[in-house]
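In this text, all values refer to a predicted model and were calculated from it rather than measured experimentally.
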Amino acid sequence: MALPRVRLLLAVAACLACAFGRRVDAAPKELKVGYYAKTCPGAEYVVREAMARALAREARSVASVMRLQFHDCFVNGCDGSVLMDATPTMAGEKEALSNINSLRSFEVVDQVKAAVEERCPGVVSCADIIVMASRDAVVLTGGPHWDVKLGREDSLTASQEDSDNIMPSPRANATALIRLFAGLGLSVMDLVALSGSHSIGEARCFSIMFRLYNQSGSGRPDPHLDPAYRTTLDALCPLTGDQNVSAGMDATPVVFDNQYFKDLVALRGFLNSDQTLFSDNPFTRAMVERFSKDQDAFFRAFADGMVKMGDLQNPRKGEIRANCRVANGSPPPLKNQAAPFRLLDF
């Protein structure tokens with residue numbers, strides 16, 4: 001790794017530590033492609049095969065796994081903390097505002113981890129499994145391939161509070177999203193390209209009720225909605241209906257392509273935090289228009305953004321968890337405990 005890149009990672013780690021009031025315990029590890037070539041040969045193949053099995057069982061599941069990388073890396077770096085269940089002494093990130101009743105497919109990560117552990121016990125971190133599995137979710141649904149840098153450790157704790165303070169709601173506008181990404185060393189292009197992860201997967205009616213019936217407290221729908229599309233969404237998500245009903249976030253929710261951007265241009269974005277990229281900011285709008293016309297440009301920018309996001313690290317010393325849901329030697333996770341209902345979800 002070139003010296004300037006190391007300095008950048010150190011700076012990002014320091015910023016993360018300062019932002020959350022934590023000291024930097026160690027320099028970030030030097031991640032590299034092929035990290036497990038000697039210690040766990042074939043690890044990436046094992047992950048790919050496990051993800052292919054998950055895709056065959058449920059197409060939506062791999063998109064849900066990819067989403068975990070965003071919610072993991074944005075909160076104190078890519079450290080597998082989003083996978084941790086709550087314990088009697090720790091509130092997990094799964095109960096955070098943007099995650100509760102929304103993040104899913106944790107069992108898929110468990111299955112991938114089990115397959116990797118069978119091959120190489122105690123070697124591959126859960127944080128690295130998220131990064132490999134996210135790449136494979138894209139490739140398996142028709143998107144680009146990129147080499148993943150590996151060598152992360154798993155965190156010893158999770159922080160619901162930090163997740164609440166960082167992750168955006170589905171109501172976020174382009175300005176807020178640009179600010180969030182910039183704080184993590186990610187550019188406006190990274191924001192727009194990485195938002196294209198919504199090319200696959202689904203979201204719930206709960207996340208768009210305000211757009212359909214009370215945008216910005218107006219008592220009216222979002223004006224940046226194609227009328228025909230709004231009619232479709234009204235039928236799918238009636239005001240008194242089941243808000244857990246879900247739908248694709250673009251017109252081709254099981255294929256990774258640039259349809260997501262074409263839909264934004266046509267005012268058919270599902271989430272406010274998606275449509276705002278075209279409707280509310282000239283800089284993000286120009287990139288949305290470019291990606292809607294040039295899928296190869298989107299694929300290149302997306303792969304670059306995923307690598308950059310994967311470089312975010314937790315500066316604190318970690319471990320290789322045996323169980324992705326709990327730190328080694330910690331109390332077992334809470335069982336069958338209903339999480340409190342939160343007003344925001346995504």
**OP:** Compare all side-chain heavy atoms of Ser207 with those of Leu271 and state whether any distance is below 4.5 angstrom.
**Re:** yes

**OP:** Mind running salt bridge (Lys or Arg N to Asp or Glu O under 4.0 Å) on Glu117 and Lys113 for me, showing each step along the way?
**Re:** CA-CA 6 Å; Glu117 286 291 298; Lys113 174 67 169 176; 3.0 Å; yes

Original post:
Which atom pair, heavy atoms only, marks the closest approach of Val65 to Ala133?
Top reply: CG1-CB, 3.7 Å

Subject >> Val47-Leu140 co-clustered via ILVMFWY side chain contacts under 4.5 Å >> reply: yes

**OP:** Examine Phe270 together with Tyr229 and report whether their ring centres are nearer than 6.0 Å.
**Re:** no

**OP:** Measure the CZ-CG distance between Arg67 and Leu103 for me, rounded to the nearest 0.5 Å.
**Re:** 4.5 Å

Original post:
For Arg321, does its backbone N or O pair with a side-chain atom of Asp154 as donor and acceptor, under 3.5 Å?
Top reply: yes

Original post:
Is it the case that one hydrophobic cluster holds both Leu312 and Leu156, taking links as side-chain heavy atoms less than 4.5 Å apart, direct or via other members?
Top reply: no

Original post:
What's the verdict on ring pair (Phe, Tyr, Trp, His ring centres under 6.0 Å) for Phe278 and Phe291, showing C-alpha distance, side-chain angles and the deciding distance?
Top reply: CA-CA 11 Å; Phe278 178 77; Phe291 293 154; over 10 Å; no

Subject >> Val124 vs Ile320 side-chain heavy atoms within contact, under 4.5 Å >> reply: no

Original post:
Just how far is it from atom OH of Tyr260 to atom CE of Met249, taken to the nearest 0.5 Å?
Top reply: 8.5 Å

Subject >> Carboxylate-amine/guanidinium proximity below 4.0 Å for Asp263 and Arg268 >> reply: no

**OP:** Could you tell me which non-hydrogen atom of Asp72 sits nearest to which non-hydrogen atom of Ser81, and how far apart they are?
**Re:** OD1-N, 3.0 Å

Subject >> Gln160 side-chain N/O to Glu93 backbone N/O, donor-acceptor pair under 3.5 Å >> reply: no

Original post:
Taking atom types as modelled and ignoring hydrogens, do the side chains of Asn314 and Asn76 form a donor-acceptor contact shorter than 3.5 angstrom?
Top reply: no

Subject >> Distance-only polar pair, side chains of Ser125 and Arg152, donor-acceptor under 3.5 Å >> reply: no

**OP:** Enter the distance from Ser155:OG to Met84:CE here, rounded to the nearest 0.5 Å.
**Re:** 5.5 Å

Original post:
So do the side chains of Leu225 and Leu233 get within less than 4.5 Å of each other, counting heavy atoms only?
Top reply: yes

Original post:
Does Arg135 use its side chain to pair, donor to acceptor, with the backbone of Trp146 at less than 3.5 Å?
Top reply: yes

Original post:
Is there a donor-acceptor contact under 3.5 Å linking the side chains of Gln259 and Thr252?
Top reply: no

Subject >> Side chains of Phe283 and Ile178 in contact at under 4.5 Å (non-hydrogen atoms) >> reply: no

Subject >> Co-membership, hydrophobic cluster, residues Val116 and Phe106, 4.5 Å side-chain >> reply: yes

Subject >> Asn272 and Gln215 side chains, donor-acceptor separation under 3.5 Å >> reply: yes

Subject >> Short side-chain to backbone donor-acceptor contact, Gln243 and Phe206, under 3.5 Å >> reply: no

Original post:
Do Asp294 side-chain atoms and Ala297 backbone N/O form a donor-acceptor pair below 3.5 Å?
Top reply: yes

**OP:** May I ask you to test the Pro170-Ile208 pair for a side-chain heavy-atom distance under 4.5 Å?
**Re:** no

Original post:
If you round to the nearest 0.5 Å, how far is CE of Met189 from OG1 of Thr284?
Top reply: 12.0 Å

Under 3.5 Å donor-acceptor pairs involving side-chain atoms of residues 190-197, not counting sequence neighbours:
from: Asp190; atom 1: OD2; to: Ser187; atom 2: N; distance (Å): 2.8
from: Asp190; atom 1: OD2; to: Ser187; atom 2: OG; distance (Å): 3.1
from: Asp190; atom 1: OD2; to: Lys308; atom 2: NZ; distance (Å): 2.6
from: Ser195; atom 1: OG; to: Leu191; atom 2: O; distance (Å): 2.7
from: Ser197; atom 1: OG; to: Leu194; atom 2: O; distance (Å): 3.0

Original post:
Given side chains that start at C-beta, do those of Asn214 and Arg220 come closer than 4.5 Å, heavy atoms only?
Top reply: no

Subject >> side-chain hydrogen bond (donor to acceptor under 3.5 Å, both in side chains) assessment of His71 paired with Asn99 >> reply: CA-CA 8 Å; His71 288 245; Asn99 300 343; 2.6 Å; yes

**OP:** Treating Ile, Leu, Val, Met, Phe, Trp and Tyr as nodes and any side-chain heavy-atom pair under 4.5 angstrom as an edge, say whether Val254 and Val62 lie in one connected cluster.
**Re:** no

**OP:** Give, for atom SG of Cys126 and atom CG of Asp79, the distance between the pair rounded to the nearest 0.5 Å.
**Re:** 10.5 Å

Original post:
Is there a path from Val139 to Val307 through hydrophobic residues (I, L, V, M, F, W, Y) whose side chains come within less than 4.5 Å of each other?
Top reply: no

Original post:
Quick one: does Thr87's side chain have a donor or acceptor within less than 3.5 Å of a partner on Thr89's backbone?
Top reply: yes

Original post:
Can you check whether Thr175's main-chain N or O pairs, donor with acceptor, with Asn281's side chain at less than 3.5 Å?
Top reply: no

Original post:
Is the count of non-hydrogen atoms from other residues, nucleotides or ligands lying under 6.0 Å from Glu107 atom CD greater than 12?
Top reply: yes

Subject >> Glu161 atom CD, over 12 foreign heavy atoms within 6.0 Å >> reply: no

**OP:** Could you tell me whether the side chain of Val33 reaches within less than 4.5 Å of the side chain of Val148, counting heavy atoms only?
**Re:** no

Original post:
Would you call Glu289 and Arg285 a salt bridge, taking side-chain N to carboxylate O under 4.0 Å as the test?
Top reply: no

**OP:** Output, in order, the C-alpha distance, side-chain angles, deciding distance and verdict of side-chain hydrogen bond (donor to acceptor under 3.5 Å, both in side chains) for Tyr36 and Asp128.
**Re:** CA-CA 10 Å; Tyr36 297 110; Asp128 277 347; 2.5 Å; yes

Subject >> Where Gln275 and Gly269 come nearest, the two heavy atoms and their spacing >> reply: OE1-N, 2.9 Å

**OP:** Evaluate the ring planes of Phe256 and Phe299, with Trp represented by its six-membered ring, and classify them as parallel (under 30°), tilted (30 to 60°) or perpendicular (over 60°).
**Re:** tilted

Subject >> Any donor-acceptor N/O pair, Asp164 side chain to Leu97 backbone, under 3.5 Å >> reply: yes

Subject >> Heavy-atom closest contact (Arg230 atom, Pro221 atom, distance) >> reply: CD-CB, 3.5 Å

Original post:
Side chain of Ser169, backbone of Ser98: donor and acceptor closer than 3.5 Å?
Top reply: no

**OP:** Could you walk me through whether Arg104 and Glu58 pass the salt bridge (Lys or Arg N to Asp or Glu O under 4.0 Å) test, one step at a time?
**Re:** CA-CA 12 Å; Arg104 61 194 299 276; Glu58 184 199 13; 2.8 Å; yes

Original post:
Which heavy-atom pair separates Val112 from Met51 by the least distance, and what is that distance?
Top reply: CG2-SD, 4.3 Å

**OP:** Check whether the side chains of Thr157 and Arg316 place a donor and an acceptor atom closer than 3.5 Å, and report yes or no.
**Re:** no

Subject >> Residue pair Val123 / Cys40: nearest heavy atoms and the distance that separates them >> reply: CG1-CB, 4.0 Å

**OP:** Just do the side chain to side chain contact (heavy atoms under 4.5 Å, CB included) check on Asp234 and Leu212 with the steps written out, would you?
**Re:** CA-CA 7 Å; Asp234 285 344; Leu212 296 178; 3.9 Å; yes

Subject >> Atom pair CD1 (Ile129) and OG (Ser134), whose distance is rounded to the nearest 0.5 Å >> reply: 11.5 Å

**OP:** Answer yes or no: is there an ion pair linking Lys149 with Glu30, defined by an N-O contact shorter than 4.0 Å?
**Re:** no

Original post:
Short question: side chain of Thr276, backbone of Ala174 - any donor-acceptor pair under 3.5 Å?
Top reply: yes

Original post:
What do you reckon, is CZ of Arg57 surrounded by more than 12 foreign heavy atoms closer than 6.0 Å?
Top reply: yes

**OP:** Compare all side-chain heavy atoms of His198 with those of Asp250 and state whether any distance is below 4.5 angstrom.
**Re:** no

